[in-house]
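Residue numbering restarts at 1 for every chain, and letters A, B, ... go by the order of the sequence lines. Only heavy atoms go into these numbers, but all of them, side chains included; no hydrogens, no water, no symmetry mates.
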Amino acid sequence: MQPITVKLLRWYDSHHRILPWRISPRDRLAGIVPNPYRIWLSEIMLQQTTVEAVKPYFRTFVEKWPTVTALAAASQDDVLRAWAGLGYYSRARNLKKCADIVCADFGGHFPADTERLKSLPGIGDYTAAAIASIAFDLPSAVVDGNVERVITRIYALTTPLPLAKPTIRTRMQALTPNERPGDFAQAMMDLGATICTPKRPACVICPLNDNCTALQTADPELFPVKAAKKGKPIRLGAAYVALSDNNEVYLRSRSEKGLLGSMTEVPTTQWTARLDGSTDVDDAPFPANWTPAGGITHVFTHFELRLKIYTANGVHQQTSSDGWWVKVEKLAGEALPTVMKKAIAAAIPDAFAKRRKVE
DNA sequence: AAGGCGGGGGT
DNA sequence: ACCCCAGCCTT
């Protein structure tokens with residue numbers, strides 16, 4: 001085992017994070033094995049998502065669906081409702097698809113090799129290696145953002161990402177031990193998350209500072225080198241919050257593909273670079289006494305959206321057909337992405353507020 | 001290889 | 001304002 005590997009495992013034994021889906025190194029040594037379903041679920045949720053954001057969703061999911069069989073028995077709509085707010089909703093659609101396949105083709109057991117894991121929807125290079133190493137203790141090299149940062153610093157790799165990825169993978173594979181590969185994978189990620197951070201890394205207390213080329217010869221903060229990013233365009237549109245006389249809001253379902261696919265929305269116009277000429281009220285989904293209710297801004301990964309909000313009261317429910325009506329108090333249970341909750345809240349300020357005692 | 005795809009927190 | 005987060009999929 002390489003010196004770096006030994007040092008990192010020793011550090012992990014005393015400084016590992018406590019996480020709801022994790023088997024501690026002590027328990028692991030005592031023979032307690034991870035539950036592949038829980039490892040898979042956590043890894044899907046953790047894709048481009050912080051640990052703190054995942055925790056409450058993970059608890060909700062394992063309580064609601066304790067096994068992959070239970071998840072497969074759920075409807076996609078139930079899964080999307082539980083996922084609402086976590087983002088990257090294709091993950092939720094693939095989660096359900098993957099559960100169905102694991103139950104139908106693998107008898108409810110996740111395959112224990114990276115090739116077959118990668119064939120499942122929502123599982124790519126990283127997640128296949130993570131499940132193989134963490135759930136099954138196979139020496140498969142995990143390469144996520146943490147590992148990219150730690151490896152490029154240890155070896156002072158100046159090739160910009162993503163071009164440096166194959167080199168990083170080779171270096172990581174060379175460090176990954178046949179004993180405790182799962183703990184090693186998690187140790188690298190814990191180090192990246194708590195010590196070898198993007199800004200102001202805590203090199204003074206890093207267990208690998210003697211092995212870090214970037215620390216000896218340069219500034220660790222300069223790594224990893226990344227390709228230049230692109231600007232973020234602005235798109236404009238309008239959203240329409242219709243209220244019926246019995247305090248229900250009109251909702252409808254988005255198309256299955258593309259942005260926020262299969263999630264729930266209030267009617268909106270197209271989101272375009274410019275509103276050329278037409279007035280927003282003319283673009284409403286149905287005639288009503290639309291009145292302005294301010295605006296919201298929501299930032300997506302690749303564009304910024306500014307929506308003007310219109311609202312109308314006392315709308316007759318038969319004036320619309322393709323969607324459905326939901327009591328304001330029941331909105332929180334719908335599969336509403338955050339941008340739609342913002343739009344509704346602009347028209348109905350306390351729509352998602354916690355119930356407050358009468359003052 | 002590049003771009004689409006959420007949302008929140010840190011600096 | 002910009003960056004980052006246990007990335008994947010399509011084109």
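- The aromatic rings of Y250(A) and W325(A) lie tilted to each other, with the angle between the two planes from 30° to 60°.
- Here dA6(C) is the nucleotide among dA6(C), dG6(B), dC4(C) with the atom lying nearest to any side-chain atom of R22(A).
- Both V266(A) and F352(A) are part of a single hydrophobic cluster, where members link through side-chain heavy atoms under 4.5 Å apart.
- Residue-level contact check: L260(A) touches the backbone only, with heavy atoms under 4.0 Å from sugar-phosphate atoms and none from bases.
- Between K199(A) and Q48(A), it is Q48(A) whose nearest contact on DNA chain B lies nearer the 5' terminus.
- When distances are taken from the side chain of H302(A) to each of dC8(C), dG7(B), dC5(B), the shortest belongs to dC5(B).
- Counting non-hydrogen atoms under 4.0 angstrom, I131(A) reaches nothing in the nucleic acid.
- Nucleic acid contact class of P337(A) (heavy atoms, under 4.0 Å, all strands): sugar-phosphate only.
- Mapping G122(A) and T50(A) onto DNA chain C by nearest heavy atom places T50(A) closer to the 5' end of the strand.
- For the pair K232(A) and F303(A), the cation-pi test (distance below 6.0 Å, angle within 45°) is failed.
- Between Y88(A) and dG4(B) there is no side-chain N or O to OP1 or OP2 distance below 4.0 Å.
- Between dC5(C) and R149(A), a contact under 4.0 Å exists linking OP1 or OP2 to a side-chain N or O.
- Residue W83(A) is out of contact with every strand shown, counting any heavy-atom pair closer than 4.0 Å.
- As judged by a 4.0 angstrom heavy-atom cut-off over every strand, G192(A) is placed among residues making no nucleic acid contact.
- Checked against dC4(C), dA6(C), dC5(B), the side chain of Y126(A) finds its nearest nucleotide in dA6(C).
- Contact annotation: H298(A) side-chain N/O to dG7(B) OP1/OP2 distance is under 4.0 Å.
- Within 4.0 Å (heavy atoms only), F300(A) reaches sugar-phosphate atoms of the nucleic acid but no base atom.
- The side chain of L259(A) lies closest to dC5(B) when the candidates are dG3(B), dC5(B), dG7(C).
- If you check dG3(B), dC5(B), dA6(C) against the side chain of L46(A), the one that comes closest is dA6(C).
- Aromatic rings of H302(A) and F300(A) (six-membered ring for Trp) have centroids beyond the 6.0 Å cut-off, not under it.
- Using a 4.0 Å heavy-atom distance criterion, V51(A) is classed as a base contact.
- Residue G261(A) is out of contact with every strand shown, counting any heavy-atom pair closer than 4.0 Å.
- Counting non-hydrogen atoms under 4.0 angstrom, T127(A) reaches the backbone sugars and phosphates but no base.
- Remark: DNA chain B takes part in the stems B:1-5 with C:7-11, B:7-11 with C:1-5, each of 3 or more antiparallel Watson-Crick or G-U pairs, criterion distances under 3.5 Å.
- Checking the phosphate oxygens (OP1, OP2) of dG7(B), a side-chain nitrogen or oxygen of T338(A) falls inside 4.0 Å.
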